[in-house]
Protein chains: 2
Amino acid sequence: MHAHTASRILPSRSSQPEVFDLAPLQPISFFPAGSEIYAQGEKAGAFYQVEFGAVRIYRLLADGRRQISAFHLAGETFGFEADTTHHFFAEAINGTGVRVFRIASGADISRQLLPLALKGLTRAQEHLLVLGRQNAIERIAAFLIDMAERQGGLRQVELPMSRMDIGDYLGLTIETVSRVFSRLKDKGVIRLLSQRSIEIVKQDALQTMSE
Amino acid sequence: MHAHTASRILPSRSSQPEVFDLAPLQPISFFPAGSEIYAQGEKAGAFYQVEFGAVRIYRLLADGRRQISAFHLAGETFGFEADTTHHFFAEAINGTGVRVFRIASGADISRQLLPLALKGLTRAQEHLLVLGRQNAIERIAAFLIDMAERQGGLRQVELPMSRMDIGDYLGLTIETVSRVFSRLKDKGVIRLLSQRSIEIVKQDALQTMSE
DNA sequence: CGGGGCGTTGAGGCACGTCAAAGAGGGTGG
DNA sequence: CCACCCTCTTTGACGTGCCTCAACGCCCCG
């Protein structure tokens, strides 16, 4: 874990701020783009709250195939594990500020953690439906709607991650992701403002496609 | 919820028995094959421990496509939710005995529930890798290994669910499931003892295929 | 012994993956 | 400030693994 502690506190864009009373003034660690926050097999014992930036949680197969199980944006919490070992990798996608909450041995924070764990469980199970039973257009539509909701439901949505990340999250190749984006653009459902920023033009059409 | 309370307590085949001290003597409810334990949208407020039989947790798309997010065998616990509403359906696959633990309002059982929620979260995230990045043979191999481990690691594995259930769990059609079973049989990796019972002949080959 | 659900097998099609090449940003150094 | 370069993205042509549609087989239970 190679983190630089930030000298000043940067503002959080959190849409759902979560406060933990066990340690009110944790310092913020800064992780450069692409840097590792923790690795699979590493000892766990903390949890993390994104202050700014974005994080990807993933797992690898021996031949390099990658599945991103979750993205975490500003305000969201991640990193708690079933046992004392991390089962996944966590990396900063862009320059990312993370508040690290070390769990003091003996401390019981199950009350705070349980709702977060349950929310994560529901999210993961819903994502199973996407990966198991939806086609490429439906996957992208569901992804865009989810990203829009997590950014406050605005029409303009920032995508902090690459096409490769999106593909590895949705179980698709970068080419398929790119082609579906183009098809949605041609249909007038979305506009590509820049490579990492889209505008949802026809919210209802997108909603219909995601079902 | 149409359950018949069992008149006698049947033995659990649990490999990982879990005991909750909040209510030591819950009665067992019996659910016939195919019956609903709870439905999506229903009010939550309990959790469930399988005594015997098997349960499927699933979600539906509007057009009937189904994704089973988890199977629960004897000894396993399910049914806790992030908010007060169920996000999934739960059905008995075969005749199934379930111990229902109602959560008294105000009671704090987060200490007991958190490890279960975290284990479920890890399981779901690992299943995401299977659905997102593995092909049909790898999915079936991983499924059989998982079922074998959960039944004590024996060579003979009981599959309480239909091919359709397996397909809806692995994101495959029944035909593909059946074809992969046949290919594994032809290769001598497994033997089909009956439709719902297989023997793992080459454990190591199966392990290799699942990676 | 007969019916019905579940499972298996085959033939053909299609959605997505693979391979390849060109295009678009954006970051850096001159 | 601009030009270059590197990486990411887009687009096209083609291949293939799984799905779809169809028929048959096998249990299991009456």
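A, B, ... follow the sequence lines: proteins, then strands. Residue 1 opens every chain. Note that this is a predicted model, so its numbers are computed, not measured.
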Could you state the CG-P distance from Leu159(A) to dT9(D), rounded to the nearest angstrom? 10 Å
Here's a test of your reading of the structure: between Arg133(A) and Lys185(A), which maps to the more 5' nucleotide of DNA chain D? Lys185(A)
First of Gln195(A) and Asn135(A) reached from the 5' end of DNA chain C, by closest nucleotide: Asn135(A)
Shortest non-hydrogen pair, Asp83(A) vs Ala44(A), comes out as O-CB, 4.4 Å
Please determine whether any donor N or O and acceptor N or O are separated by less than 3.5 Å between the side chain of Glu175(B) and the base of dC18(D). no
Whole angstroms only, please: what is the CG-C1' distance between Leu192(B) and dG7(C)? 11 Å
Separation of Glu138(A) atom CD from dC16(C) atom P, in whole Å? 9 Å
Rounded to the nearest 0.5 Å, the OH atom of Tyr169(B) sits from the CD1 atom of Ile140(B) at a distance of 11.0 Å
Side-chain N or O of Arg179(A) less than 4.0 angstrom from OP1 or OP2 on dG17(C)? no
At less than 4.0 Å, is any side-chain N or O atom of Thr176(A) found next to OP1 or OP2 of dC16(C)? Yes or no. no
What contact category does Arg139(B) fall into here, base, sugar-phosphate, or nothing, at under 4.0 angstrom with non-hydrogen atoms? nothing
Looking only at side chains, do Gln40(A) and His87(A) share a donor and an acceptor under 3.5 Å apart? no
Classify the nucleic acid contact of Gly171(B) as base, sugar-phosphate or nothing, counting any heavy atom under 4.0 Å across all strands shown. sugar-phosphate
Please check the phosphate of dT10(D) (OP1 and OP2 only) for any side-chain N or O of Arg163(A) closer than 4.0 Å. yes
In this structure, how many angstroms lie between the C1' atom of dC16(C) and the CG atom of Leu131(A), rounded? 15 Å
Contact under 4.0 Å: Ser178(B) side-chain N or O vs dG7(C) OP1/OP2: no
Please walk me through it: do Arg59(B) and Glu126(A) pass salt bridge (charged side-chain N to carboxylate O under 4.0 Å, His left out)? CA-CA 8 Å; Arg59(B) 208 170 162 127; Glu126(A) 286 174 351; 2.9 Å; yes
Heavy-atom count around Arg65(B) CZ within 6.0 Å, excluding the residue itself: above 12? yes
For Ile166(A) and dC16(C), what is the distance between atoms CD1 and P respectively, to the nearest whole Å? 16 Å
Once you apply a heavy-atom cut-off of 4.0 Å, does Arg196(A) come out as touching a base, just sugar-phosphate, or nothing? sugar-phosphate
Length of the CZ-C1' vector between Arg183(A) and dC16(C), whole Å: 11 Å
Using the closest heavy atom to pick a nucleotide of DNA chain C for each, name whichever of Val177(B) or Thr173(A) lands nearer the 5' end. Val177(B)
OP1 or OP2 of dC27(D) under 4.0 Å from side-chain N/O of Ser194(B): no
Could you tell me the separation between the CD1 atom of Ile174(A) and the C1' atom of dA21(C), rounded to a whole number of Å? 13 Å
What is the distance, rounded to the nearest whole Å, between atom CE of Met161(B) and atom P of dG7(C)? 11 Å
